[in-house]
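Heads up, the thing below is written out as structure tokens.
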Amino acid sequence: MSVTQENGSFQTETNPMATTTAHSPRIKPLNNGIVAADNSAHAPLIIPPPTTLPSTLGHYLARRLVQIGVSDIFSVPGDSNLVLLDYFVAEKGINLVGCCSELNAGYAADGYARRRGVGACAVSFTVGGLSLINAIAGAYSEDLPVICIVGGPNSNDYGSKRIIHHTIGLPDFGQELRCFQNLTCYQAIINNLEDAQWQIDTAISKCLEESKPVYISICCNVVSIPHPSFSIQPLIPFSTKCLYSQTNQLSLEVAVAKAAQLLNSAVKPVIVAGKKLRPAKAQDAFLELVDTCLFSEHHAHFIGTYWGTISTAFCCETVEIADASIFVGASLDELETLAFSLTYKKNKAIMVEIDRVVFPNGPTFVPILMKDFLQALAKHVKPNPTAYENYRRIYVPECSPPESDPGEALRVNVLFKHIQKMLSSQMSVISETGDSWFHCQKLKLPKSCGYEMQLLYASIGWSLGATLGYAQAAPQDRVILCVGDGSFQMTPQEVSTMIKLGQKNIIFLINNGGYTIEVELHDGPYNVIKNWDYTAIVNAMHNGDGNCWTTKVYTEEELVNAVETAMGDRNDCLCFIEVIVHRDDTSKELLEFGNKLVACSTRPPRL
């Protein structure tokens with residue numbers, strides 16, 4: 001049986017370290033009664049003793065965040081959260097990271113949660129919260145547990161009909177809350193101490209259970225007030241239960257038997273793995289089913305990434321001629337199905353969702369947890385190499401791009417040829433929205449090399465903040481960011497934060513003079529942007545303070561020299577490499593992607 005990923009976004013799971021830390025941490029008590037987040041691919045986090053007895057709300061929240069593995073909080077100060085930030089600064093286990101904007105703080109918490117398993121950000125009321133909200137929408141779409149902490153107004157102002165600053169001029173303080181209700185799985189307004197401890201614990205538990213963002217607004221005047229409920233020592237471990245109902249054993253037995261019969265009677269079945277494995281916490285169960293590392297590109301029967309007509313070479317053909325398939329945790333949205341154009345045999349496809357199993361032209365079995373189904377199915381499915389053998393018969397190795405002539409303008413495919421040579425198990429790759437999706441999809445990732453992208457929400461500019469957070473969560477890795485000039489102009493400020501923190505990321509800024517992905521969808525003068533001197537901008541952010549190296553490359557020879565420098569003499573600092581390419585230099589996959597989306601979006605209205 002062949003194993004494939006559904007599309008490029010599912011490469012977020014190629015790194016065993018990243019995938020095991022991307023779900024809710026398991027809680028392990030230490031000898032001193034404090035607990036640490038246990039991420040199976042990393043050593044347990046060592047939590048320092050509390051700075052002081054957590055007798056106030058600020059101390060309690062800080063200590064709870066440390067307990068679940070949050071050691072960095074991404075923040076923007078405002079008058080309503082300053083006292084709370086003081087407590088975060090005072091807590092030994094927390095590093096308060098000041099960001100340049102609330103939007104970027106949210107992106108950073110998103111990236112942090114992808115690697116560490118949970119992230120947190122802290123902003124001020126309304127003016128900060130509404131700036132943050134776009135990033136939280138993206139985290140929600142990716143099933144990422146992010147704790148949004150907002151410093152709220154004075155508790156006495158609730159119900160007073162007063163109009164206060166940082167609002168839209170109405171005596172209604174619920175505007176921000178209502179905006180967050182559709183983008184978070186739990187909301188808490190803490191304006192008194194009687195139930196504050198319960199609300200904090202409930203919010204954090206929900207965040208971990210449901211693998212979704214939560215919203216906690218804390219009135220500024222209650223942060224530093226002691227309360228007996230905050231003085232419990234040692235801290236009680238979180239009790240996280242599965243969001244979904246327990247598996248019905250009778251349903252499980254029938255579903256497993258039905259699935260095994262379909263797969264075992266097929267001639268050339270395939271398995272397609274999707275990104276919902278992460279929130280379902282079913283990675284280990286999937287390991288049992290495929291008998292290898294989760295989404296490992298080194299498994300003998302791994303054939304690539306399934307993304308319709310822009311799939312890895314020969315992967316699409318193998319999946320779509322299969323006479324049986326099982327899609328595990330697949331997200332069949334517009335982008336991940338290439339405008340709903342996938343042509344796999346839907347009448348032969350089993351869909352395994354987080355809490356149910358859906359059979360083609362047949363029943364849906366609920367409640368069945370994904371991990372329970374995979375574990376049970378692994379005991380009943382017979383090995384079948386036919387699909388893989390067929391794939392090997394038609395497979396033709398991909399060719400490298402032709403060598404550049406001396407002085408020839410650099411091509412994007414040549415750039416990614418050299419990025420491929422850079423990759424190691426101590427690296428991670430982050431791909432921005434756009435043509436980088438399709439070039440990065442072709443990279444052959446070494447074992448334990450991580451890869452992240454945001455496909456469904458596709459917020460342009462996401463990757464810079466996400467790189468900041470991801471690198472902060474994995475200081476032992478070197479993160480490579482591939483970002484276009486248009487996306488960079490959305491959120492450039494956080495390069496300065498990376499320099500301030502001493503991160504050693506390698507940023508490839510692909511400068512082609514505009515929004516290339518939009519050009520392929522619908523061209524117009526609005527897709528041409530003002531060209532910046534990007535290396536000069538980063539040098540200005542550096543300003544002689546920190547460790548940063550920049551260069552601008554026009555040819556393959558210059559690129560080779562830049563990569564050698566970044567990996568050699570400058571391997572301990574942030575490296576910013578601006579790559580100058582032609583405006584029309586795009587991948588064929590982007591052209592196909594654009595055609596499919598345009599055809600879908602320009603359908604005439606129904607009569």
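Please read all numbers here as calculations on a predicted model, not as lab measurements.
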Residues L481 and T467: closest non-hydrogen pair is CD1-OG1, 3.6 Å

When you compare the side chain of V70 with that of I94, does any pair of heavy atoms fall below 4.5 Å?
no

Compare all side-chain heavy atoms of F173 with those of T126 and state whether any distance is below 4.5 angstrom. no

Heavy-atom check, side chain of F286 versus side chain of V328, under 4.5 Å: yes

In this structure, CG of N95 is separated from CG of D72 (nearest 0.5 Å) by 5.0 Å

Exercise for review: State, with a plain yes or no, whether a side-chain heavy atom of R116 is found less than 4.5 Å away from one of S71.
Suggested key: yes

Closest non-hydrogen contact found for A113 with L144 is CB-CB, 4.4 Å

Worksheet item: What do the steps show when you test Q199 against Y186 for side chain to side chain contact (heavy atoms under 4.5 Å, CB included), and what is the final call?
Response: CA-CA 10 Å; Q199 289 222 59; Y186 185 82; 4.0 Å; yes

What one should report as the nearest heavy-atom pair of A108 and L468 is CB-CD2, 4.0 Å

Cationic N near anionic O, under 4.0 Å, E142 to K275 = yes

Residues at least two apart in sequence or cross-chain that pass side-chain hydrogen bond (donor to acceptor under 3.5 Å, both in side chains) with N191, listed by chain then number, are none

Between the CE atom in M490 and the OH atom in Y515, the distance rounded to the nearest 0.5 Å is 4.0 Å

Quick one, D572 and N547 - any side-chain contact, counting heavy atoms below 4.5 Å? yes

Across all chains, not counting sequence neighbours, the salt bridge (Lys or Arg N to Asp or Glu O under 4.0 Å) partners of D195 are none

* Asked: Is the shortest side-chain N to carboxylate O distance from K276 to E336 below 4.0 Å?
  -> no

Closest heavy-atom pair, C185 versus Q187, reported as atoms and distance to 0.1 Å, is C-NE2, 4.1 Å

Rounded to the nearest 0.5 angstrom, the CD-OG distance for E432 and S459 is 8.0 Å

Using only atom types and a distance under 3.5 Å, with no angle test, would you say the side chain of S55 pairs donor to acceptor with the backbone of S231? no

Counting heavy atoms not belonging to K371, are there more than 12 under 6.0 Å from its NZ? no

Side-chain (S431) to main-chain (S436) donor-acceptor, under 3.5 angstrom
yes

Q.
Can a donor-acceptor pair be found, under 3.5 Å and without considering hydrogens, that links the side chain of S487 to the backbone of G484?
A. no

**Message:** Closer than 3.5 angstrom, by distance alone: can the side chain of D477 be matched with the main-chain N or O of V479 as a donor-acceptor pair?
**Reply:** no

For C100 and S496, the nearest pair of non-hydrogen atoms, with its separation, is SG-OG, 3.6 Å

So do L177 and S217 actually touch side chain to side chain, heavy atoms under 4.5 Å?
-> no

If we count only N and O atoms by modelled type, under 3.5 Å, do the side chains of Y470 and Q503 hold a donor and an acceptor together?
no

One should read off an interatomic distance between E452 CD and S463 OG, to the nearest 0.5 angstrom, of 12.0 Å

Can you tell me how the ring of H522 sits relative to the ring of Y526, calling it parallel under 30°, perpendicular over 60° and tilted otherwise? parallel

Ignoring hydrogens and angles, state whether a donor on the side chain of S155 or N221 is under 3.5 Å from an acceptor on the partner side chain.
yes

Sidechain-backbone polar pair: R114 side chain, M453 backbone, donor-acceptor under 3.5 Å: yes

Output for pair (E194 CD, H227 NE2), nearest 0.5 Å, gives 4.0 Å

Checklist entry - Under 3.5 Å, is there a donor-acceptor pair linking the side chains of T433 and Y457? => result no

Establish, from distance only, whether the side-chain atoms of N543 and D545 form a donor-acceptor pair under 3.5 Å.
-> no

Check the angle between the aromatic planes of Y215 and F180 and answer parallel, tilted or perpendicular using the 30° and 60° thresholds. parallel

So do the side chains of Y87 and L96 get within less than 4.5 Å of each other, counting heavy atoms only? no

Keeping S211 on the side-chain end and D143 on the backbone end, is there a donor-acceptor pair under 3.5 Å?
yes

Evaluation steps, side chain to side chain contact (heavy atoms under 4.5 Å, CB included), between I189 and Y158: CA-CA 11 Å; I189 303 292; Y158 276 92; 3.8 Å; yes

Determine whether H542 and T550 satisfy the following criterion, side chain to side chain contact (heavy atoms under 4.5 Å, CB included), listing intermediate values before the conclusion. CA-CA 10 Å; H542 179 208; T550 67; over 6 Å; no

Quick one: does S124's side chain have a donor or acceptor within less than 3.5 Å of a partner on D79's backbone?
no

(Q) Any non-hydrogen side-chain atom of I216 less than 4.5 Å from a side-chain atom of I190? (A) yes

Tell me if a side-chain donor or acceptor on S160 pairs with a main-chain N or O of D157 at a distance below 3.5 Å. yes

Item checked: Backbone of V76 reached by a side-chain donor or acceptor of N81 within 3.5 Å -> yes

With a 3.5 Å cut-off and no angle check, do the side chains of D201 and Q197 form a donor-acceptor pair? yes

Can you find a side-chain donor-acceptor pair between R178 and Q181 that sits under 3.5 Å? no

Note: C440 and Y451 closest approach over all heavy atoms is CB-OH, 3.2 Å

Taken to the nearest 0.5 Å, the spacing of L130 CG from L103 CG works out to 12.5 Å

Discussion item. Is it the case that the side chain of T56 and the backbone of S224 share a donor-acceptor pair, with hydrogens and angles ignored and the cut-off at 3.5 Å?
Written reply: no

task: In sequence, state the C-alpha distance, the side-chain angles, and the governing distance for C121 and L132, and then conclude on side chain to side chain contact (heavy atoms under 4.5 Å, CB included).
output: CA-CA 9 Å; C121 50; L132 170 69; 3.8 Å; yes

